[in-house]
Each structure stands twice: as C-alpha cells, then as structure tokens.
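Before any comments, here is the structure.
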Amino acid sequence: MSKILVIGACGQIGIELVIELRKLYGVKNVIASDIKEQCPPSIVEGLYLQLDIMNHIQLEEIVVKNDIQQVYLLAALLSATAEKKPRFAWELNMQGLFNVLELAKNKKITKIFWPSSIAVFGSNSPMDLTPQCTIMEPSTVYGISKLSGERWCEYYFKKYNVDVRSIRYPGLISYKSAPGGGTTDYAIDIFINAVREGKYTCYLNEDTNLPMMYMTDAIRATIEIMEAPKEQIMIRSSYNLAGISFNPKDLAIEIQKKVPDFRIDYKPDFRQEIADTWPNSIDDSAAKEDWKWKNSVGIEEIVKKMITGFS
Ligand code: NAD
Ligand code: AKB
C-alpha cells in the first residue's frame with residue numbers, strides 16, 4: 001500500500017488523526033511528521049520524521065523516499081497566535097500549502113487534505129446558519145490565510161486536476177492533546193479548570209455563540225471526505241461543517257450539572273474581537289448532500305467525555 005504523511009502530527013488534531021489513520025490503514029502505512037524534534041508518546045509506535053513544511057526540498061525527499069501518495073497538511077498558526085505574529089503566520093500558512101500543492105501538481109502525490117476554518121467568514125457574513133457561499137471578508141491574518149488557501153486549492157484543482165479536499169472546521173474540542181492557540185480554546189480550558197480548580201475566568205463574553213465540534217466527529221469527517229469517491233466532492237475550495245453551537249454561559253450551565261460548585265466569570269481579551277467576527281452557527285447542507293456528512297456528538301456527551309477525560 002502507498003503511504004500517508006501527516007504534517008503537523010504533534011498538534012491537537014494531528015495526534016488523534018494519526019491514531020485513527022493507523023487503525024484504518026496500518027501503523028507502517030501512516031508516517032507522522034512535525035517540526036518538533038520528538039513525537040508525543042501516543043503516536044510513538046509508528047514512523048516519525050522531523051520535517052519543516054517550509055523546506056520543500058526536504059518534503060519532496062521524504063515523499064519520494066517513503067512512497068507517499070496522500071498528505072494531510074495540518075501545520076499552521078491558529079487565530080490567536082497568528083495575530084501576534086501576522087507575517088510569520090501568513091508565510092507558514094501559505095508556503096506550507098503551496099509546497100504540498102506543487103508536489104501534487106508535479107504528480108509526486110495523488111491526494112491532499114488541507115483544513116480551512118470558520119475563520120474565513122467575517123463580520124459582513126450572515127452570522128446564523130452561515131451559508132457555504134456568502135460574503136467572506138475575514139479580518140484576522142489567520143482567516144485571510146485560510147480564505148486565500150481555499151482559493152488556491154480550487155485553482156490547483158481546476159488548472160492542474162489536483163485532488164485536494166478540505167473542510168472548514170469549527171472550534172474543535174478534545175482532551176487528548178492541548179489546543180494550539182485558537183480563539184475557541186476556551187471550550188477546552190474551561191474543562192481543565194472546572195475539574196482541577198472548580199472555577200474559570202473566560203476570555204470571551206458569556207453570550208459569544210460559536211460553532212464547535214467534538215474531535216471524534218472532526219476526525220471522522222476528515223477521513224470520510226478523503227474516502228469519498230472523487231466525483232462526490234463538488235466543492236474544491238472547502239466545505240462548511242457543522243457540529244453544535246453554544247456560548248460560554250450555555251457550556252458553564254452544562255458543566256454545573258456535573259460539577260455543581262463550578263463557578264465562571266468573564267474577562268474578555270483580544271480574542272473577543274476575533275470571535276465577534278465569526279459565525280454563531282453554520283449551514284453544512286452541501287457536505288450532507290455531497291458526501292453524506294452527519295454530526296453525532298452533542299453538548300451533553302461532550303461535557304461527559306471532557307470531564308471524564310480530565311479527571
Ligand atoms: P496545532 O497548533 O495544535 O498543531 C499544529 C502542529 O503543526 C504543531 O504540532 C506544530 O508543531 C506543527 N508545525 C508548526 N510549524 C510547522 C512547520 N513549519 N513544519 C511542520 N510542522 C509544523 O493545530 P491544530 O489545532 O491541530 O490544527 C491543525 C490544522 O487544522 C490547522 O491548519 C488549523 O488551522 C486547522 N483548524 C483547527 C481547528 C481547531 O479547532 N483545532 C479549527 C479549524 C481549523
Ligand atoms: C481557532 O480558534 O483559531 C481555531 C479555528 C476555529 O480555526 N480553533
């Protein structure tokens with residue numbers, strides 16, 4: 001079997017994706033890579049390579065030497081971190097994508113997964129059930145890089161027949177690995193603090209609704225879109241994907257059902273400004289129609305899993 005390369009494998013999504021891909025395709029067929037020198041213990045049983053995605057020569061060497069056919073490109077700076085290093089974020093988020101798209105254009109690999117985000121939308125987009133195609137004027141460097149990336153993915157598909165597939169992930173919730181500097185990270189931090197301290201100071205206002213999803217659903221969606229027959233993938237920029245939507249107050253109320261003494265207060269910081277430009281909820285009917293996407297984990301189950309996970 002030809003091999004799969006996951007780039008950015010040590011991150012929040014990468015760790016769980018590598019584990020699932022290895023279950024499906026075999027440990028020896030899924031190579032984990034990241035700029036980090038060492039990989040986390042949970043993915044240590046398979047091959048791990050240190051790779052800087054900015055280095056296209058090293059990337060091509062790894063791809064050719066290991067007979068890689070599919071690449072999952074996860075390396076990026078997320079919204080909050082990117083605002084602190086805008087130029088570097090732009091370079092990493094764009095150059096990394098170009099390096100992988102070029103490999104496919106030159107027929108060194110056959111399929112790419114590259115994630116976009118709800119950050120592609122902006123304050124002029126409809127906030128509720130944000131449609132697949134609508135006004136998109138992101139105001140963060142992260143959102144600008146994701147929207148540009150989407151346009152390039154579609155361009156490489158149309159011009160060079162590159163089989164690139166993409167999802168606009170909402171905020172992802174998980175306990176197996178730490179989040180990487182996003183605006184939606186409060187929905188993870190809140191659980192760590194609820195379990196360990198019984199209280200949490202939230203950096204978003206109580207009524208800030210955002211689209212969210214439990215990690216297992218996001219991983220399933222990722223594998224499902226990659227497994228779908230080519231002709232079912234009608235959108236080559238990126239698909240809207242919806243899980244559930246809630247705000248910090250809703251989440252705190254759910255947590256109090258399990259941790260009755262849990263207390264929350266609110267001290268909004270710069271991430272509030274980012275969240276205010278993102279959708280409250282997402283219309284993912286295109287993903288449902290084209291490759292039969294269906295979310296499965298709701299808020300009660302998320303709270304149960306997260307509290308158990310951090311206890
Ligand atoms: P993360 O920050 O947790 O992980 C990113 C990984 O990339 C890290 O392990 C980091 O070491 C690695 N990396 C950074 N620079 C690199 C380089 N030059 N070469 C190789 N590796 C490098 O991010 P994540 O949450 O796992 O997100 C993965 C992707 O999914 C990103 O593109 C992100 O924009 C997208 N996404 C994530 C979410 C979410 O909620 N986690 C939501 C929407 C989109
Ligand atoms: C972030 O908050 O930056 C990410 C995302 C929604 O893209 N979680």
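In listed order, ligands and their atoms are each counted from 1. Just so it is clear, the structure is predicted and the values come from calculations on it, not from any experiment.
Between S166 and S116, the closest heavy-atom pair is OG-N, 3.6 Å.
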TODO: Test Y239 against W291 for ring pair (Phe, Tyr, Trp, His ring centres under 6.0 Å), laying out the working first.
DONE: CA-CA 10 Å; Y239 278 92; W291 44 277; 5.7 Å; yes
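At least one donor-acceptor pair under 3.5 Å links the side chain of S238 to the backbone N or O of I167. Here the side chain of Q69 pairs no donor or acceptor atom with the backbone of K3 at under 3.5 angstrom.
Among R236, K105, E102, the single residue meeting the side chain to side chain donor-acceptor pair (under 3.5 Å) criterion with Y156 is E102.
Within a 6.0 Å radius of NZ in K159, no more than 12 heavy atoms belonging to other residues, nucleotides or ligands are found.
Closer than 4.0 angstrom to ligand 1 by heavy atom are G8, C10, G11, Q12, I13, D34, I35, K36, L51, D52, I53, L74, A75, A76, L78, L92, P115, S116, S117, Y142, K146, Y169, P170, G171, L172, G180, sorted by chain and number.
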With the criterion set at N/O pairs under 3.5 Å, what does the list of contacts between the protein and ligand 2 look like, atom names and distances included?
residue  : atom  : partner : partner atom : Å
ligand 2 : 2 (O) : S79     : OG           : 3.4
ligand 2 : 2 (O) : T183    : N            : 2.6
ligand 2 : 2 (O) : T184    : N            : 3.1
ligand 2 : 2 (O) : T184    : OG1          : 3.4
ligand 2 : 3 (O) : S79     : N            : 3.1
ligand 2 : 3 (O) : S79     : OG           : 2.5
ligand 2 : 7 (O) : S117    : OG           : 2.7
ligand 2 : 7 (O) : Y142    : OH           : 2.7
ligand 2 : 8 (N) : T184    : OG1          : 2.8

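For the pair R165 and F113, the cation-pi test (distance below 6.0 Å, angle within 45°) is failed.
Taking 4.0 Å as the cut-off between side-chain N and carboxylate O, K267 and D269 do not count as a salt-bridged pair.
Using cut-offs of 30° and 60° for the angle between ring planes, the Y142 and W278 rings count as tilted.
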